[in-house]
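In what follows, a single structure is set out as structure tokens and then discussed.
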4 protein chains.
Amino acid sequence: MDKQTQILATALKLFVRFGFHGTPTARIAEEAGVANGTLFHYYKTKDELVVGLYNSIRDEFSAAIAKTIHADDFMAVRFKKMFVTSVHWALDNRDKYFYLQQFQLSPHVHQIPPEKLKEQISIQSQLITDAIHKRLLIQQPPELVLNLYNGQVMAVYQYLTSFELEEDEQRRLIHSVYELMWEMLKYNG
Amino acid sequence: MDKQTQILATALKLFVRFGFHGTPTARIAEEAGVANGTLFHYYKTKDELVVGLYNSIRDEFSAAIAKTIHADDFMAVRFKKMFVTSVHWALDNRDKYFYLQQFQLSPHVHQIPPEKLKEQISIQSQLITDAIHKRLLIQQPPELVLNLYNGQVMAVYQYLTSFELEEDEQRRLIHSVYELMWEMLKYNG
Amino acid sequence: MDKQTQILATALKLFVRFGFHGTPTARIAEEAGVANGTLFHYYKTKDELVVGLYNSIRDEFSAAIAKTIHADDFMAVRFKKMFVTSVHWALDNRDKYFYLQQFQLSPHVHQIPPEKLKEQISIQSQLITDAIHKRLLIQQPPELVLNLYNGQVMAVYQYLTSFELEEDEQRRLIHSVYELMWEMLKYNG
Amino acid sequence: MDKQTQILATALKLFVRFGFHGTPTARIAEEAGVANGTLFHYYKTKDELVVGLYNSIRDEFSAAIAKTIHADDFMAVRFKKMFVTSVHWALDNRDKYFYLQQFQLSPHVHQIPPEKLKEQISIQSQLITDAIHKRLLIQQPPELVLNLYNGQVMAVYQYLTSFELEEDEQRRLIHSVYELMWEMLKYNG
DNA sequence: TATGAATGAGGTTTCATTCAT
DNA sequence: AATGAATGAAACCTCATTCAT
């Protein structure tokens with residue numbers, strides 16, 4: 001792992017555990033095994049690191065979703081895959097998923113231009129918008145449906161991180177919740 | 001408004017806008033119109049202020065819900081009232097609702113003992129647990145159902161703060177979403 | 001001496017000896033017998049201290065000149081008094097006079113608005129302008145005459161700080177140079 | 001222009017504009033179009049660059065004066081040529097002349113041995129010393145006369161950089177000031 | 001109860017300098 | 001000769017907290 005990657009990984013670990021403020025850059029550098037100045041060689045300011053880390057994780061998350069959605073799948077299949085993949089990715093990358101939420105509730109979000117924010121959720125909002133137009137999902141504003149969808153992902157994630165279940169039970173629960181959500185959001189003429 | 005109340009109100013405003021770290025105690029004092037040292041008469045440390053503010057808001061939120069739920073209502077009515085009240089309270093107290101979320105994702109949560117955390121959500125978890133036992137809601141773990149429920153509250157809140165609707169449309173949308181959620185969570189033997 | 005005065009005095013001493021960059025704020029604080037933070041309580045930045053020090057010295061210098069010039073003196077007398085006082089003040093306040101020059105050649109000057117700069121030399125430029133109008137001094141631009149005048153003050157100052165003379169010799173030399181300058185600048189039909 | 005020359009030229013430009021401290025070596029390298037490390041191939045330390053730049057400029061200045069003074073000129077002619085050449089050189093090389101003054105008021109001067117400092121002004125002090133001995137200039141210490149002389153050069157320079165005059169007016173003004181100075185410094189039995 | 005000057009530990013950031021390539 | 005990533009000492013500055021009034 002090169003130094004920049006090492007810095008990002010360490011920053012993530014510490015930010016999640018101690019918060020942005022709670023983790024001095026000196027500590028990040030130290031635990032990353034680089035000199036203090038090296039961190040500032042890659043990121044001009046601590047803020048830039050915080051934002052850069054968010055962007056890199058957000059991209060990774062989008063890529064993970066994109067990879068499982070195939071253009072030739074039925075739309076309903078894609079919707080389900082998106083949900084399942086999201087939850088699994090969140091569980092496999094707890095720190096990262098937690099960081100995404102933490103960041104979005106912090107004042108740092110304002111440092112990301114609105115267009116970029118929109119673009120970052122474009123996979124999800126695109127799929128949902130399409131599904132609404134094709135009368136697969138309820139006829140409500142896409143933004144609302146996206147929020148409701150995300151609320152469910154977070155809910156399962158939180159539940160599954162509070163109560164560690166067996167691999168199998170986990171999988172079953174995710175599918176149960178998906179079915180529930182589907183009942184809620186599917187188009188019903 | 002007495003000085004302590006003024007401090008709390010100012011702290012809330014600034015914490016939400018600039019984050020915990022982004023708001024020095026000196027600034028809180030200044031904007032609250034009190035001297036720097038006065039703040040430390042009421043709260044021994046800044047942390048104590050942060051936590052104290054959370055507790056006071058959380059209590060206020062619980063009280064708002066409790067007030068609308070009457071013991072003689074049917075359980076289904078109580079469930080609906082809880083949802084509607086929560087959303088309305090969140091919309092009427094945006095900073096406060098935002099602060100609750102911000103706080104819960106910060107390392108400060110760990111300063112509140114788990115029992116107290118549980119107690120703070122007892123109204124909601126109690127009602128949901130009861131409803132599950134009485135086979136009014138789906139037969140799933142109460143914690144999961146509570147998470148799913150909360151996810152919906154947050155979703156509507158977020159949507160309604162992004163797109164300002166007319167009073168009336170707002171009310172209608174909240175009820176629509178409630179119906180959706182109800183379809184999802186209601187018991188269906 | 002109160003803390004702020006102590007800080008200014010110490011800053012002057014160190015700036016002259018080691019330059020702006022060569023003297024850390026920590027050292028100023030230490031030698032001034034105050035805490036590091038106290039310095040920043042009075043001056044928000046190091047730059048502000050540098051500029052504040054300049055302004056305070058420049059005011060002191062102007063005041064020293066103003067004090068010796070009496071409105072009822074003949075203009076020629078006032079001109080001579082100004083010269084003699086300036087040189088003596090410079091010799092009695094070497095660090096301060098040196099600092100004025102050092103500052104004026106540094107990029108910090110640009111932090112002082114031009115009007116303020118003009119105002120700071122108003123006693124000297126006013127007197128010289130008047131003397132030119134009254135045909136006491138050569139008919140050249142006041143700014144040029146002021147520069148020539150200042151050049152002489154600096155020249156004597158530098159000479160007298162390089163070669164320490166007896167009190168009496170010093171006085172005599174200052175008067176000799178004044179006579180020379182007067183021959184050079186006096187109006188001659 | 002080779003890299004070393006490029007470095008010197010860039011350093012001069014930046015030092016004059018932002019001061020020694022205000023210009024990081026990294027910036028010099030960047031604007032000179034060389035790599036950071038390259039600068040340190042030519043100058044072991046930043047101080048060495050600062051001092052080296054001074055010496056090179058000071059030599060250039062002396063050479064400019066030396067070139068216009070011919071051994072067979074009358075001494076009075078040489079004195080006048082020295083003055084006029086100095087002012088013109090200063091105006092043609094403003095950054096360089098400014099740098100000379102800036103450097104002499106900085107703590108860096110102490111890095112140049114006194115003999116070298118004396119040697120650097122030897123052309124001027126030699127000529128003035130001779131002129132005093134030959135009873136061409138006033139019977140005052142050569143160091144004082146040199147200072148008075150220099151004060152006049154600086155005064156004209158400063159005036160002419162503040163108020164841009166036509167080529168012709170400039171020339172005339174320089175000569176006027178020379179005449180004034182000559183009246184002041186010439187021997188008068 | 002209220003003040004605000006004073007503190008000093010600790011944070012972020014800068015930057016001259018090194019060195020492997 | 002030339003590079004530029006990497007270093008780490010040290011600078012500036014912030015800010016929670018104290019305390020005499």
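Keep in mind it's a predicted model, so treat the numbers as computed, not measured. Chain naming here is simple, since letters A, B, ... match the order of the sequence lines and numbering starts at 1 in each.
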Under 3.5 Å between N/O atoms: give me all the protein pairs with nucleotides 8-11 of chain E, atom names plus distance.
from	atom 1	to	atom 2	distance (Å)
E:dG8	N7	C:G37	N	3.1

Going through the distances and angles, do D:L8 and D:L49 end up as a side chain to side chain contact (heavy atoms under 4.5 Å, CB included)?
CA-CA 8 Å; D:L8 278 180; D:L49 169 62; 3.9 Å; yes

Contact under 4.0 Å: B:Y42 side-chain N or O vs E:dA2 OP1/OP2:
yes

Mind checking the CG-CZ spacing from A:N36 to A:R27? Nearest 0.5 Å is all I need.
14.0 Å

Over 60° means perpendicular and under 30° means parallel, so classify the ring planes of C:F61 and C:Y97, tilted if in between.
perpendicular

Which pairs count as ring-ring contact (aromatic ring centres under 6.0 Å, His included) when at least one residue sits in residues 22-47 of chain A, sequence neighbours excluded?
none

Do C:Q120 and C:K116 pass the side chain to side chain contact (heavy atoms under 4.5 Å, CB included) test, and can you show the C-alpha distance, the side-chain angles, and the key distance before you say yes or no?
CA-CA 6 Å; C:Q120 284 175 336; C:K116 182 148 198 186; 4.0 Å; yes

Measuring from D:R58:CZ to D:L53:CG, what's the distance to the nearest 0.5 Å?
13.5 Å

Value rounded to 0.5 Å, distance of CD in B:Q102 from CD in A:Q102:
10.5 Å

Return the value, rounded to whole Å, for the distance between atom CZ of C:F40 and atom P of E:dG4.
23 Å

Applying side-chain contact (heavy atoms from CB on, under 4.5 Å) between A:V51 and each of A:I112, A:T45, A:V109, report the one that passes.
A:I112

Which comes earlier along DNA chain E counting from the 5' end, the contact point of C:L39 or that of B:G33, where each point is its nearest nucleotide?
B:G33

Measuring from C:E31:CD to C:I7:CD1, what's the distance to the nearest 0.5 Å?
13.0 Å

Output the distance between atom CG (B:D47) and atom CD (B:Q111), rounded to the nearest 0.5 Å.
4.5 Å

For atom CD1 of A:I28 and atom P of E:dT13, their distance in whole Å:
11 Å

On DNA chain E, does the nearest nucleotide to B:H41 precede the nearest nucleotide to A:K44 from the 5' side, or the other way round? Give the residue.
B:H41

Range on DNA chain F touched by chain A - first to last nucleotide, heavy-atom distance under 4.0 Å:
F:dA5 to F:dG8

Between C1' of E:dT1 and CD of B:Q6, the distance in whole Å
17 Å

Identify the stems formed by DNA chain F, where each pair is Watson-Crick or G-U wobble with both distances under 3.5 angstrom and a stem is at least 3 consecutive pairs.
E:2-21 with F:2-21

Within residues 102-110 of chain D, those residues having any heavy atom closer than 4.0 Å to DNA chain E are none

Without placing hydrogens or testing angles, list every side-chain donor-acceptor pair under 3.5 Å for residues 19-26 of chain B, not counting sequence neighbours.
from	atom 1	to	atom 2	distance (Å)
B:H21	ND1	A:H21	ND1	3.2
B:T23	OG1	B:G19	O	3.4
B:T23	OG1	B:F20	O	3.4

Intermediate values then yes/no, side-chain hydrogen bond (donor to acceptor under 3.5 Å, both in side chains), A:D2 and A:T5
CA-CA 6 Å; A:D2 71 349; A:T5 316; 2.3 Å; yes

By nearest-heavy-atom nucleotide on DNA chain F, the more 5' of D:K3 and C:T45 is D:K3

From D:W89 CH2 over to D:R94 CZ, what is the distance, rounded to the nearest 0.5 angstrom?
12.5 Å

